[in-house]
Amino acid sequence: MTADVHINAVEHRFNTFTALHRVDLEIAAGEFIVLLGPSGCGKTTLLSIIGGFYTPSEGQVLIGGKDMTHVGPKDRPTTTMFQDYALFPHMTLCDNVAFGLRMRGMAKAARTQKATEMLNMVGLKDKAGRKPHELSGGQRQRVALARALAVEPDVLLLDEPLGALDLKLRRQMQDELKAIQRRVGTTFVHVTHDQEEAMAIADRIVVMNHGRIEHCGTPEEVYLTPKTLFSANFMGEMNRIPMAAAGQSPLGQLDVPPQEGLLCLRPENIGLEGTFSLGLARLEDASFFGAHHRCHFTPVNAPDLTLVVHLPQGAHPEPGAEVELFGRNPVILPQPTPETTA
Ligand code: ATP
């Protein structure tokens with residue numbers, strides 16, 4: 001019903017192109033892991049290697065402690081759920097969900113009972129006799145999930161499963177997916193390029209870039225203390241202030257660890273209060289976003305720099321006003337080099 005997954009020094013090449021560079025990743029049994037990164041970073045390649053669709057050029061894949069590196073998909077304790085769901089249009093929902101069980105030789109009464117249980121779990125028991133075209137996109141997605149889980153895989157691999165849904169439904173399905181994963185306890189490995197989706201569902205997020213893991217950690221760790229500039233930028237907006245080793249910056253001497261690099265501050269970590277001063281700045285403009293005001297400030301000492309700041313809902317930002325800004329939760333990362341992408 002659940003298993004851990006160890007990826008040991010996995011490298012994958014397509015002819016001369018290296019899609020994965022010596023990737024190491026340990027996934028605990030029952031964990032919800034999200035592989036996150038831009039198009040082409042290697043997420044699907046890694047998922048396909050876990051599912052047995054590709055044999056890695058080098059390295060090893062262990063599932064539940066067993067070496068699966070050269071084992072095909074059907075002999076692994078994994079199920080893969082693709083974005084297009086591939087439900088059988090002529091079959092009822094019940095038969096769709098029971099399909100994998102039929103292939104395994106389960107008797108009709110037992111598989112109907114199991115399929116009904118699964119449809120109940122995803123809230124579609126009363127629609128068991130319908131055909132897929134009689135459902136909404138979100139309902140079809142739930143049927144696909146019920147079908148994938150009916151065969152009780154140890155590890156469920158999900159490749160952009162919510163990609164075809166509109167934003168509102170996507171957010172709703174994220175909550176459902178997480179709740180179902182908690183209930184069944186199966187290890188989930190989920191691919192997406194949507195940072196908000198990753199934050200909403202993951203126990204740990206694996207940020208990937210150019211076939212490498214940039215950072216692997218809880219949503220809080222990856223968002224608040226990113227290990228690389230790429231990871232920092234991919235997880236959301238970030239102000240970047242160049243720092244010399246002595247704590248010198250274009251804004252003046254800042255009371256942060258005296259370290260050379262880029263001082264990274266999220267917009268919500270700059271405001272009218274904080275743990276260190278960023279000096280005087282002029283408010284250029286402000287837009288109300290509901291939970292906060294999104295503001296652009298120009299520091300008086302560095303007119304070429306723009307700071308994006310989220311002021312709280314109750315603030316009354318007045319464009320043209322000059323105020324002292326403060327920062328908190330500073331993260332200092334190395335300046336990008338030609339070899340590192342930011
Ligand atoms: P997306 O979000 O667009 O699906 P991804 O992060 O899943 O992207 P992959 O599909 O894993 O990326 O591809 C990683 C890299 O490997 C890409 O540069 C891609 O062009 C390349 N690639 C993938 N499959 C093949 C293949 N069969 N032959 C050659 N190159 C491939």
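Both ligands and their constituent atoms are indexed starting at 1 by order of listing.
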> Considering only the protein, which heavy-atom contact is closest to atom 11 (O) of ligand 1, and what is its distance?
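The protein heavy atom lying closest is T45 OG1, 2.5 Å.
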> Would you call E273-R328 a salt bridge at under 4.0 Å N-O?
no
> Using a 4.0 Å cutoff against the non-hydrogen atoms of S39, which atoms of ligand 1 qualify?
1 (P), 2 (O), 3 (O), 8 (O)
> Decide, yes or no, whether a salt bridge links K127 with E134 under the criterion of side-chain N to carboxylate O below 4.0 Å.
no
> Any side-chain donor paired with an acceptor under 3.5 Å for Q60 and H6?
no
> Nearest protein heavy atom to atom 4 (O) of ligand 1, by residue and atom, and its distance?
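Heavy-atom neighbour on the protein nearest atom 4 (O) of ligand 1: T44 OG1, 3.7 Å.
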> Does G37 reach ligand 1, in the sense of a heavy atom lying below 4.0 Å from it?
no
> Any idea which protein heavy atom is nearest atom 26 (C) of ligand 1, and the distance to it?
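The closest heavy atom on the protein side is F14 CD2, 3.4 Å.
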> Is it true that R212 and E214 have a side-chain N and a carboxylate O under 4.0 angstrom from each other?
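No, no charged N to carboxylate O under 4.0 Å.
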> Starting from atom 21 (C) of ligand 1, find the nearest protein heavy-atom neighbour and note its residue, name and distance.
F17 CE2, 3.8 Å
> What residue and atom, counting heavy atoms only, is the protein's closest point to atom 14 (C) of ligand 1, and at what distance?
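Closest protein heavy atom to atom 14 (C) of ligand 1: G40 O, 3.4 Å.
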> Please write down residue, atom name and distance for the protein heavy atom closest to atom 2 (O) of ligand 1.
K43 NZ, 2.9 Å
> May I ask whether atom 31 (C) of ligand 1 is less than 4.0 Å from at least one protein heavy atom?
yes
> Please work out whether any backbone atom (N, CA, C, O) or any side-chain heavy atom from C-beta onward of P38 is under 4.0 Å from ligand 1, and answer side chain, backbone, both or neither.
backbone
> Hey, which atoms in ligand 1 end up nearer than 4.0 Å to a heavy atom of A19?
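Heavy-atom distances to A19 below 4.0 Å select 16 (O).
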> Would you say the side chains of Q181 and H190 form a donor-acceptor pair under 3.5 Å?
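The answer is no; no qualifying pair exists.
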> Please check whether H193 reaches ligand 1 - meaning an N/O of the residue sits under 3.5 Å from an N/O of the ligand, judged on distance alone.
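No, no N or O pair falls under 3.5 Å.
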> Between E324 and S277, do the side chains contain a donor N or O and an acceptor N or O under 3.5 Å apart?
yes
> Examine the side chains of T69 and D67 and answer whether a donor and an acceptor come within less than 3.5 Å of each other.
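Yes, because at least one side-chain N or O of T69 sits under 3.5 Å from a partner of the opposite role on D67.
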> Between L229 and R240, is the side chain to side chain contact (heavy atoms under 4.5 Å, CB included) condition met? List the steps.
CA-CA 10 Å; L229 207 49; R240 302 187 289 179; 3.4 Å; yes
